[in-house]
Amino acid sequence: MDKPQVMDPDWLVFHPSPAKPTFKAPAGAVDAHCHVFGPAPQFPYAPERKYTPCDAGKDQLFALRDYLGFERNVIVQATCHGKDNRALLDALRAAGDLARGVATVGEDISEAELVSMHEAGVRGVRFNFLKRLADFTPHEVLRRIADKVAPLGWHVVVYFEAPDLEELKPLFTSLPTTVVVDHMGRPDVSLGIDHPQFQAFVDLLRRHENIWSKVSCPERLSLQGPPYADVVAYARTIVETFPDRVLWGTDWPHPNMKTHMPDDGLLVDVIPKIAPTAALQQALLVDNPMRLYWGS
Ligand code: 0GY
């Protein structure tokens, strides 16, 4: 029997009334990293999950999108739903052209299932390397999954922590697709941008033009807390060095935050600090995600 579908006792629920951002996103802006959780009675959490979140459904996500001044979402399958993508697909179908998705699949996924997901708006698969979130999958299995989705023009999203980059690099650089790294590869921001750890990530992007980065989640990386000043130099470096390979997202509803729950409005107000010109903001929020997810 699965454990009850009741949120973990230490779970922090998303902000109930975020501030209205001061920063006005350009027309057509995309929140390119967010999730839907459940609702559990309709879309139960996976038995193999490592956490049970609060429900955070598509209607709440779409309301937040509008409130923050964004037009589109890229919804990323969260590990609490495992390989059961029903909540994601339901949200994508409801959003129509206003959302695209990143799914989690096994190597047993059929061509017909992939085509059906593509029709719903899925454009990528996610590989998660954080031990606290997902069980280990052999790299040859992941490579076979990438080979399977490549003909659809999909990409691979990878989530890992900076100390693991060295070990994972051979896999990432052998994938036949575009590879999108979540949250800048989670640098340790106490080390400084000149530290070999962050420079190894910059070097990865410099050497491999198919590798992109999300400059998201200052709230996860920051040691100082809001307004996340200690993360700005990292994200700004990536945005300014690789302006046509960066994406931004809220990460709503912010799974597994332990220190605090971010105010989504304040997260939006970090954008002009990491992308200080209108041209960089247009690339980050509109042109790049539209190219990768909407093919335009
Ligand atoms: C994120 C970060 C986290 C969780 C997940 O799929 C997930 O469960 O990605 C995390 O706990 O760091 O990007 O949402």
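Reckoned from all heavy atoms, side chains included, excluding hydrogens, waters and symmetry mates. Whatever order the structure lists them in is the order used to number ligands and atoms, beginning at 1.
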| Subset of ligand 1 atoms that lie under 4.0 Å from at least one heavy atom of Y51 | 7 (C), 8 (O)
| Looking only at distance, does R132 have an N or O less than 3.5 Å from an N or O of ligand 1? | yes
| Residue-ligand contact R220/ligand 1, heavy atom below 4.0 Å | yes
| task | With heavy atoms only and a cut-off of under 4.0 Å, state how H254 meets ligand 1: side chain, backbone, both or neither. | result | neither
| request: Flag this pair as yes if the NZ/CZ of K20 is under 6.0 angstrom from the six-membered ring centre of Y67 and inside a 45 degree cone about the axis; otherwise no. | output: yes
| request: Show which atoms of ligand 1 fall inside a sub-4.0 Å distance from at least one heavy-atom site of R186. | output: 12 (O)
| said: Heavy-atom contact check, 4.0 Å cutoff: does D182 meet ligand 1? | reply: no
| query | In terms of atom number and element, which parts of ligand 1 are under 4.0 angstrom from non-hydrogen atoms of H35? | reply | 1 (C), 13 (O), 14 (O)
| request: Could you tell me whether the side chains of T250 and D264 share a donor-acceptor contact shorter than 3.5 Å? | output: no
| Among protein heavy atoms, which lies nearest atom 1 (C) of ligand 1, and at what distance? | D251 OD1, 3.3 Å
| task | Using a 4.0 Å heavy-atom threshold (strictly under), name the region of T79 that reaches ligand 1: side chain, backbone, both or neither. | result | both
| task | Would you mind checking which non-hydrogen protein atom is closest to atom 13 (O) of ligand 1, with the distance to 0.1 Å? | result | H183 NE2, 2.7 Å
| message | Surrounding CD of E209 (heavy atoms of other residues, nucleotides or ligands, distance under 6.0 Å), is the total greater than 12? | response | no
| field | Close approach of H33 to ligand 1, heavy atoms, under 4.0 angstrom | value | yes
| query | Centres of the H195 and F201 rings: under 6.0 Å? | reply | no
| said: Run the side-chain contact (heavy atoms from CB on, under 4.5 Å) test on L292 and R123 for me, step by step, so that the C-alpha distance in whole Å, both residues' side-chain angles and the decisive distance to 0.1 Å come before the verdict. | reply: CA-CA 8 Å; L292 188 61; R123 294 293 182 270; over 6 Å; no
| message | Closer than 4.0 angstrom, basic N to acidic O: yes or no for D251 and R220? | response | yes
| request: Check each of Y51, Y45, F43 against H81 using the ring-ring contact (aromatic ring centres under 6.0 Å, His included) test, and report the only one that passes. | output: Y45
| query | Centres of the H33 and H183 rings: under 6.0 Å? | reply | yes
